[in-house]
Each structure stands twice: as structure tokens, then as C-alpha cells.
**Q** 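Let me begin by handing over the structure; questions about it come next.
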Amino acid sequence: MSIQIRAGVVEEVGAPFTYTDLEIDAPGPGEILVRIVASGVCHTDASTRSGDMPLPLPGVLGHEGAGIVEAVGPGVTSPAVGDHVVLGWPFCGECKHCREGEPRYCLSIAPALVSGMRFTGENAGTSGYRRLDGSPVSGHFFGQSSFATHSLATASQAVVIPDDVPLEIAGPLACGIATGAGAVLNTARPQVGDSIVVYGVGAVGLAAIMAAENTPATTIVAVDVHDSRLDLARRYGATHVVNAGSTADVVAAVQEIVGGTADYALDCTGAIKVVEQAIDTVGMLGTAILIGGAPAGASFTADHFRTLFGKRIVGTLGGSGRSQRLIPALLALWRQGRFPFDELVEIFDFEDIEGALKASHHGDVIKPVVKMPEPTA
């Protein structure tokens, strides 16, 4: 049995999204079928289309999906049909890192995200997506390929959310918003009086700023080249801002604000020059946290002697931790008015993924979300 869906497909590297009808398999063991209501649009989608991430093409992108479960496969006890879910990151649940509570660092993470195929279970190595003529199409991007009216996902990656949470805003909690917030709450964990510097305050960076305001950190510095985004950073919790476009020595300016080297610096850009600035911003026992995705093969340099004195340089994926814990926590903070991530969202029509990406790239929109058409009877 198969299901016909409508999907945004990238045919080849650099090509625009085209919209076409596909078939996907009914859910097998451990899988669920989700009617996608809306999906966040992320820089990772753009970088994958440009070839910086190795998804085989043609393929269906999208990895911030939220929707309603329509069917479950054999052995699935949760979620149930009718549940509202956010599709978090996939993981095997069996490797060393999964067993130790770090599913973001599942040892199967590469095939889980970008192989274009199922990565676990009896159907591992196969794609559940194909054209109507039977020719194959890569799916399962980040375990979901949510630029489509329906997604075939693993049950374990789904996070059930309350029915009264608007699904139009919930999808970005799967990746971008959770990545920024989790980098602060799970990776940095600033203590009383600490300083934290966020380089790049787009969706990820602003989520980090919002999260930092919910910690005991007392100095929160936002660094960006757009005054409009720095104004938002102040609105959402930054105590200080630095415009890197008009500041001769950004590191010196930041260190003057914090009164020395910072305790934490987060790079949310993936730009190597900025990565190195973040590393230079922290000092002895400080931590530079790398979040933004640079092109595959990119490298950075760090001063060995200064790093030797207890400086830490760490990467983080998807905010670390577990989606099943982080997403409900962020929603609780949102209900309390302490994490207003919904104010960053702007809705686009499903067949305007190109417009959503362009608006994000030009800085016109912080977090674009595409909304799927309502199902017909």
C-alpha cells in the first residue's frame, strides 16, 4: 500500500524547488505517517540544495516539520493516530551514545540525516519515496523530508505536543530554535554572573539570546552586522550589542564589554572568520561553542598556547540533549511568556519555499515557515 503526496523536490544541485506528486510507503515497523501542517525553512535546507551536505538528488528536503499523525506502523505504541507532533532528529536508540542519553550524537547520525534512505529497521537502506512512475526519489532527510504534505518518519523522533499549540509555529522547535536554545541550556549551562556572547543573531542566535535570559548569566552580548537584528537581540534579552560591520576590532570590543575574556561564546554563523573571533573571545576556562554549519571540509585555526590554558572549543548538534525533553520545556517557557520564539515566525505558502529562503537570506524574515494546503475531502 502507498500514499500519494505533494512534495517540493530538488532535482539537482543548485536547482529550484519543483512541486510534484509522489508516492510514499505506508508506515512499516517503528514508523509513522504524519500529515504535515507546516515546516520551518532553515539555512541547512539551502546548504543541502547547494551541495554542501551530501543528500543524493533528486530529493525532498525539509527538517522542521509539525503535523498530525495519520497512521502508525506495527509495534508503534506512541505517538497515536490523531496526536499533534513535532518531528525531532532521528536516532537509532541502540548505539553507545543513544544509550548514554545523547541521541543527537547517534553513531548512525550521517545516514539518518542525509542518506536519503531509511537508516534503521527491516527497511534500512531503502527509500519510502518515489515518483508516480516508480522511479526513486531521496526522502527521509533528517528522518522526515517535511517539504511535503505527508512525512514518513520514525516514531521515536516524534514529540507529542498539546493540541492547542499552533502547529504553524511548532516546527522550528525541531531544529533551528531548539539548536540555539539548547546550545545555551544544554551545552553552555552558564552559572551565576557568567558572560555569554552570541555571534550571529538570526533565528538560532535569537533563540540563544532568549534562552540566555532564562539563565543566571548577567552579561549577554549580541554580535551581528544588521542593526535591525541587534535591536531584536536587545528586545529578547541582550544586555549589550556590537555591530561587527562598523567595529574595527570586534573581539576587543566584546572583551571591553565583559571586562576581560568571556565565559562563553557561541558562533551561529558558520563563517570561519567569525568562528575564530568566537574562539578568541573566550579565555582561560572559557568555552567557544560552534553551532553554525560551515561548508564540508572547512577548517579554522586557534592559537595553541592560549587554548592550552583550559580553553574549550566544542561543537553542538541540534542543541544536544533529547527532543522529548527540550521541546516541551521550550513550549512551557513560551506559555509563560519567557521564550517568545513565535514572534520570529513568518508564514509562507507551501509552494513558495524559494521566497521563504530568499527572505531569510536577505534578512527580511527571521524564521520563515511554509504552511501546507488544507487537505481536500
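Only this structure's heavy atoms are used, side chains among them; waters, hydrogens and symmetry mates stay out. Note that the numbering runs from 1 along the sequence shown for the chain.
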**Q** Begin from the C-alpha positions of I161 and L167 and carry the test side chain to side chain contact (heavy atoms under 4.5 Å, CB included) through to its verdict.
**A** CA-CA 9 Å; I161 63 173; L167 288 167; 3.9 Å; yes
**Q** Using modelled atom types and a 3.5 Å cut-off, is there a donor and acceptor pairing between side-chain atoms of T269 and backbone atoms of G292?
**A**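 Pair absent, no side-chain N/O of T269 close to backbone of G292.
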**Q** Would you say V225 ends up clustered with V241 if hydrophobic residues are merged whenever their side chains have heavy atoms under 4.5 Å apart, either directly or through other cluster members?
**A**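 No, V241 and V225 fall in different hydrophobic clusters.
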**Q** Please tabulate, one pair per line, all N/O donor-acceptor pairs under 3.5 Å involving side-chain atoms of residues 196-211, not counting sequence neighbours.
**A**
{"residue": "Y199", "atom": "OH", "partner": "T281", "partner atom": "OG1", "Å": "2.5"}

**Q** Return each pair, listed once, that meets salt bridge (charged side-chain N to carboxylate O under 4.0 Å, His left out) where at least one residue sits in residues 325-338; pairs must be two or more places apart or across chains.
**A**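 The answer is D164-R335.
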**Q** Indicate yes or no for a side-chain donor-acceptor contact from D224 to the backbone of L230 under 3.5 Å, with no hydrogens or angles considered.
**A**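 No, the answer is negative, given that no donor and acceptor are paired below the 3.5 Å cut-off.
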**Q** Using the test side-chain contact (heavy atoms from CB on, under 4.5 Å), find all partners of D231 that sit at least two apart in sequence or belong to another chain.
**A**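 D231 satisfies side-chain contact (heavy atoms from CB on, under 4.5 Å) with no residue once adjacent residues are dropped.
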**Q** Could you check whether any side-chain heavy atom of R131 comes within less than 4.5 Å of a side-chain heavy atom of L22, counting everything from C-beta outward?
**A**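 SC-SC contact between R131 and L22 confirmed.
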**Q** Would you indicate whether the side-chain heavy atoms of M53 and T44 approach each other to under 4.5 Å?
**A**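 Sidechains of M53 and T44: in contact.
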**Q** Could you go through residues 75-86 and list every donor-acceptor pair under 3.5 Å that involves a side-chain atom there, pairing it with any protein atom two or more places apart or in another chain?
**A**
{"residue": "D83", "atom": "OD2", "partner": "A80", "partner atom": "N", "Å": "2.8"}

**Q** If you define the side chain from C-beta out and look only at heavy atoms, does anything of L185 sit under 4.5 Å from L330?
**A**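 Sidechains of L330 and L185: in contact.
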**Q** Side chains of L357 and R49, heavy atoms from C-beta outward: is any pair under 4.5 Å?
**A**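 Side-chain contact under 4.5 Å: yes.
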**Q** Could you give me the CA-CA distance, side-chain angles and deciding distance for H63 and C42, then say whether side chain to side chain contact (heavy atoms under 4.5 Å, CB included) is met?
**A** CA-CA 8 Å; H63 63 288; C42 177; 3.4 Å; yes
**Q** Who passes side-chain contact (heavy atoms from CB on, under 4.5 Å) against E168, sequence neighbours left out?
**A**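 If we apply the side-chain contact (heavy atoms from CB on, under 4.5 Å) test to E168, skipping adjacent residues, the hits are V37, P166, I347, K371.
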**Q** Does any donor atom in the side chain of R118 or T126 lie under 3.5 Å from an acceptor atom in the other side chain?
**A**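 The answer is yes; a qualifying pair exists.
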**Q** Can you check whether S138 reaches L57 side chain to side chain, under 4.5 Å on heavy atoms?
**A**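 With C-beta onward as the side chain, the pair stays apart.
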**Q** Which is it for F341 and L173 under the side chain to side chain contact (heavy atoms under 4.5 Å, CB included) test, yes or no, and what are the steps along the way?
**A** CA-CA 9 Å; F341 75 97; L173 294 172; 3.9 Å; yes
**Q** What pair of heavy atoms forms the shortest contact from E102 to G321, and how long is it?
**A**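 Heavy atoms only, the tightest pair is OE1-N, 3.8 Å.
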**Q** Throw together a table of side-chain donor-acceptor distances under 3.5 angstrom for residues 295-315, partners on residues two or more places apart or in other chains.
**A**
{"residue": "T301", "atom": "OG1", "partner": "E276", "partner atom": "OE2", "Å": "3.1"}
{"residue": "D303", "atom": "OD1", "partner": "F305", "partner atom": "N", "Å": "3.1"}
{"residue": "D303", "atom": "OD1", "partner": "R306", "partner atom": "N", "Å": "2.8"}
{"residue": "T307", "atom": "OG1", "partner": "D303", "partner atom": "O", "Å": "2.7"}
{"residue": "K311", "atom": "NZ", "partner": "I279", "partner atom": "O", "Å": "2.9"}
{"residue": "K311", "atom": "NZ", "partner": "V282", "partner atom": "O", "Å": "3.1"}
{"residue": "R312", "atom": "NH1", "partner": "L285", "partner atom": "O", "Å": "3.2"}

**Q** Is there a chain of hydrophobic side chains (I, L, V, M, F, W, Y, each step under 4.5 Å between heavy atoms) that links I353 to V365?
**A**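 Linked, I353 and V365 end up in one cluster.
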**Q** Side chains of M117 and P111: closer than 4.5 Å at any heavy-atom pair?
**A**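 Not in contact.
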**Q** Are any side-chain N or O atoms of T239 and backbone N or O atoms of I220, one a donor and one an acceptor, separated by less than 3.5 Å?
**A**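 A pair under 3.5 Å: yes.
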**Q** Is a side-chain N or O of Q324 found less than 3.5 angstrom from the main chain of V159, in a donor-acceptor match?
**A**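 It does not hold such a pair.
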**Q** Are M372 and V370 side-chain neighbours, meaning at least one heavy-atom pair lies under 4.5 Å?
**A**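 The answer is yes; the side chains approach within 4.5 Å.
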**Q** Tell me, please, which residues at least two apart from S151 pass side-chain contact (heavy atoms from CB on, under 4.5 Å).
**A**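 Expected list: I36, L87, Y129, Q144, A153.
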**Q** So, applying ring pair (Phe, Tyr, Trp, His ring centres under 6.0 Å) with F142, which one of W89, F91, F119 is it?
**A**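 Of the listed options, the one satisfying the test is W89.
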**Q** Would a hydrophobic clustering, with Ile, Leu, Val, Met, Phe, Trp and Tyr connected at side-chain separations under 4.5 Å, put I366 with I169?
**A**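 I366 and I169: one cluster.
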**Q** Which atoms form the tightest heavy-atom contact between V369 and P172, and what is the distance?
**A**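 It is CG2-CG, 3.8 Å.
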**Q** side-chain contact (heavy atoms from CB on, under 4.5 Å) with S195: which residues, sequence neighbours excluded?
**A**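 T219, V258, A262, D263.
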**Q** Could you go through Y105 and H97, starting from their C-alpha distance and side-chain angles, then the distance that decides it, and tell me whether this counts as ring-ring contact (aromatic ring centres under 6.0 Å, His included)?
**A** CA-CA 6 Å; Y105 307 103; H97 295 167; 7.2 Å; no
**Q** Could you tell me whether a side-chain N or O of H140 sits under 3.5 Å from a main-chain N or O of S127, the two making a donor and an acceptor?
**A**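 A pair under 3.5 Å: no.
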**Q** List for me each residue that meets salt bridge (charged side-chain N to carboxylate O under 4.0 Å, His left out) alongside E23, sequence neighbours excluded, and say none if there are none.
**A**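 Expected list: R130.
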**Q** For F141 and V60, what are the C-alpha separation, side-chain angles and deciding distance, and is it a side chain to side chain contact (heavy atoms under 4.5 Å, CB included)?
**A** CA-CA 7 Å; F141 182 62; V60 183; over 6 Å; no
**Q** What pairs meet the salt bridge (charged side-chain N to carboxylate O under 4.0 Å, His left out) rule with one or both residues in residues 59-79, with sequence neighbours excluded?
**A**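 Qualifying pairs: R35-E70, E64-K367.
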**Q** Is E94 close to C106 at the side-chain level, that is, under 4.5 Å between some pair of heavy atoms?
**A**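 A side-chain contact is absent here, since even the closest heavy-atom pair is not under 4.5 Å.
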**Q** Can you confirm whether more than 12 heavy atoms, excluding those of D349, are under 6.0 Å from its CG atom?
**A**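 Open: at most 12 neighbouring heavy atoms sit under 6.0 Å from CG of D349.
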**Q** According to ring pair (Phe, Tyr, Trp, His ring centres under 6.0 Å), does anything in residues 203-252 pair up with another residue at least two apart or in another chain? List the pairs.
**A**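 For residues 203-252: none.
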**Q** Check for a donor-acceptor pair, side chain of Q255 on one end and backbone N or O of D280 on the other, with a separation under 3.5 Å.
**A**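 It does hold such a pair.
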**Q** Same hydrophobic cluster for V223 and L290, using side-chain heavy-atom links shorter than 4.5 Å among ILVMFWY?
**A**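 Result: no, two separate clusters.
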**Q** Using the test ring-ring contact (aromatic ring centres under 6.0 Å, His included), find all partners of F147 that sit at least two apart in sequence or belong to another chain.
**A**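 So F147 forms a ring-ring contact (aromatic ring centres under 6.0 Å, His included) with F17.
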**Q** For a side chain to side chain contact (heavy atoms under 4.5 Å, CB included) with T179, tell me which candidate from L326, I291, L317 qualifies.
**A**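 Of the listed options, the one satisfying the test is I291.
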**Q** May I ask you to decide if R189's main-chain N or O and Q191's side chain share a donor-acceptor pair within less than 3.5 Å?
**A**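 Answer holds: yes.
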